[in-house]
Amino acid sequence: MAMAKRTKVAEILVGEYIGKELTVAGWVRSFRSNQFIALNDGSTIKTLQIVVDFENEDPEVIKMITVGAAIKVTGTIVESLGRGQSVELKASNIKVLGVADAEQGPGQYPLQPKKHSLEYLREIAHLRFRTNTFGAIFRIRHHAAYAIHEFFHNKGFLYIHAPIITGSDAEGAGEMFKVTNFDMDDTPKGEDGKVDFSQDFFGKATNLTVSGQLEAELAALAFSEVYTFGPTFRAENSHTSRHLAEFWMIEPEVAFADLEDNMDLAEEMLKYVIKSVLDRCGDDLDFLEKRLIDEEKVKPMNERSPMPLKEKLQFCIDTDFERLTYTRAIDILKNCKPNKKGKFQFKIEEWGADLQSEHERYLVEKHFKKPVILTDYPKDIKAFYMRMNEDGNTVGAMDILFPGIGEIVGGSQREERLDVLLARMKEMDIHEDEMSWFLDTRRFGTCPHAGFGLGFERLILFVTGMANIRDVIPFPRFPGSAEF
RNA sequence: GGUCCUUUAGCUCAGCUGGUUAGAGCAUCUGACUGUUAAUCAGAGGGUCCAAGGUUCGAGUCCUUGAAGGACCGCCA
């Protein structure tokens, strides 16, 4: 038997329902005066006020209405007599579907109608969805993901599902997690005493993917324009608020495109997603903006955000990203005040140095004060598949740097010339035989192509104004932690 | 992998140069009130001060080691 038809809170708050009888279901956020329930069903950050006729209601039912309880209420929508809301539901029937034990001790409902620390909520990630902050974050995350598919679909890109288990260990993007079906206490050994993966499930050593790029390249050289959007895994021992061991990445790959096309695509996509979130998640952004301002009140002026969240997002849409070469960036950094005064932990001395995050931050937050695209890095600090420039020293790479986040996109024009690619692989000691399937694209109908990787969680950090990447993915995985 | 910070009630925190019975707000429980907006008022219960060791007449406070959490750096998205 189906549950009686219910109307979502989001719908009630914008629709014409006064005088109508309907049913709602959700979780109690607060219960005041034995009379007013703030009911949230996740469809919006807002709550619907339920007015209980406490004089005629069963006292046993009223006792079960506590913060966190799931209830179903039938009643009539009326204009509110109070000030905080325009409409409310006058309850005629209340059914408690699930109580939330409020007694002290183990089993107590851990969410109270008050501010909790993000660290505490991280420990109860299975319940943090029910808070305003995480409700807002994950509604925004959904809309951002939807906007990404929408953007690429509208442009005629094909969504390609790259494999999560990969037989390649040369994706070149970091340490990999091993995938095996072996009994770890009794692994088959070969004659050389090493683990014999030929007896494993796949008949070879396999890993979790660190990037879908190589597979996306294969597809791009047939469909012209493709993208992947899936989980990726890095077994790096990273202890920062910007890294996860499991994160979601968007990787478009475009044939017949060069570095400039690549930058145009990335900038257009970022603006599209940010605009979609601004257009569709206004209430959630309002809440997060206010939360951020409150949180920053205790910080000194120079550590606060230069502008409120929504204004920052609008600014990002309205501004052309600053595009400059690595070489020009080094010039600016070499001659900037902090460098000359020794304020940088790592002084910029000469061309070829890898930029530290303090340098990137200076360029984005102090010098240009807007998103920056850095291009044409020295070949020695970039991956083997990036296209060699005419100068023989730099490659057609591009990194997009965002204020407060740092690198949000990393991409390049790919090396499509077989001889040049082979030479680079030899230089960087990457074995040709393992990559022959990839090299086939350069052997058969190769063409100029380009692509990039966008860290989805880093984009969500930016649009929500959150500070820790562990708070923008439902169940974060990082060194020492894989809870839930 | 490196550097630094934190750990006191269910939650958020205060606790001064070591001093005798460790506090507040919220939450919980009891009662009052009943058009509230994180309701209000009165009362009650609730503590292995992260753990182990040390210094001291005396340690929540000082020292050592460990654990857990966090920030930053490196690796990158």
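Throughout, a chain's letter reflects where its sequence line sits, starting with A, and its residues are numbered from 1.
For the salt bridge (Lys or Arg N to Asp or Glu O under 4.0 Å) test, no residue two or more places apart in sequence or in another chain qualifies with A/Lys312.
Between A/Gln49 and B/U37 there is no side-chain N or O to OP1 or OP2 distance below 4.0 Å. Taking side-chain N and O atoms only, A/Ser238 has no distance below 4.0 Å to OP1 or OP2 of B/C76. Between A/Arg242 and B/C75, a side-chain N or O to OP1/OP2 separation shorter than 4.0 Å is absent. Between B/G70 and A/Asn468, no contact under 4.0 Å exists linking OP1 or OP2 to a side-chain N or O. Contact check, A/Thr240 against B/C76: no side-chain N or O comes under 4.0 Å of OP1 or OP2. The side chain of A/Lys63 places no N or O atom within less than 4.0 Å of a non-bridging phosphate oxygen (OP1 or OP2) of B/U28.
B/C11 and B/A38 have their C1' atoms separated by 14 Å, with the value rounded to a whole Å. For the C1' atoms, the distance linking B/A67 with B/U30 amounts to 40 Å, nearest Å. Between the P atoms of B/A59 and B/U21, the separation comes to 11 Å (whole Å). Separation of the C1' atoms belonging to B/U55 and B/A14 is 27 Å when rounded to the nearest angstrom. B/G58 and B/U20 have their C1' atoms separated by 9 Å, given to the nearest Å.
Between A/His239 atom NE2 and B/A68 atom P the separation is 11 Å, expressed in whole Å. A/Glu123 places its CD atom 13 Å from the C1' atom of B/G10, with the value rounded to the nearest Å. Spacing between atom CG of A/Asn237 and atom P of B/C73 amounts to 16 Å, rounded to whole angstrom units.
Electrostatic pairing of A/Lys382 and A/Asp399 counts as a salt bridge here, judged by a charged N lying under 4.0 Å from a carboxylate O. Taking the charged nitrogens against the carboxylate oxygens, A/Asp471 and A/Arg128 do have a contact shorter than 4.0 Å, which makes a salt bridge.
Nucleic acid contact for A/Asp399: none, since no nucleic acid atom lies under 4.0 Å from a heavy atom of the residue.
When both distances must be under 3.5 Å, the Watson-Crick or G-U wobble mate of B/G47 does not exist. Nucleotide B/A52 forms a Watson-Crick or G-U wobble pair with B/U64, both donor-acceptor distances falling under 3.5 Å. Using Watson-Crick or G-U wobble geometry with both donor-acceptor distances under 3.5 Å, B/U3 finds its partner in B/A71.
Taking the nucleotide of RNA chain B with the nearest heavy atom to each of A/Arg361 and A/Leu244, the more 5' of the two is matched to A/Arg361. Checking A/Val409 against A/Arg470, the closest nucleotide of RNA chain B that is more toward the 5' end is the one next to A/Arg470.
Here the nucleotide nearest the side chain of A/Glu407, chosen from B/U36, B/G70, B/C76, is B/C76.
Within a heavy-atom distance below 4.0 Å of RNA chain B, the residues of residues 29-40 of chain A found are A/Ser30, A/Arg32, A/Ser33, A/Gln35, A/Phe36.
In this model, no side-chain donor or acceptor of A/Glu88 finds a partner on the base of B/U37 within 3.5 Å.
Among residue pairs with one or both ends in residues 452-464 of chain A, those qualifying as salt bridge (charged side-chain N to carboxylate O under 4.0 Å, His left out) are A/Arg141-A/Glu457; sequence neighbours excluded.
Put simply, A/Phe247 rests on the base of B/A77: the two rings are less than 5.5 Å apart at their centres and nearly parallel, under 30°.
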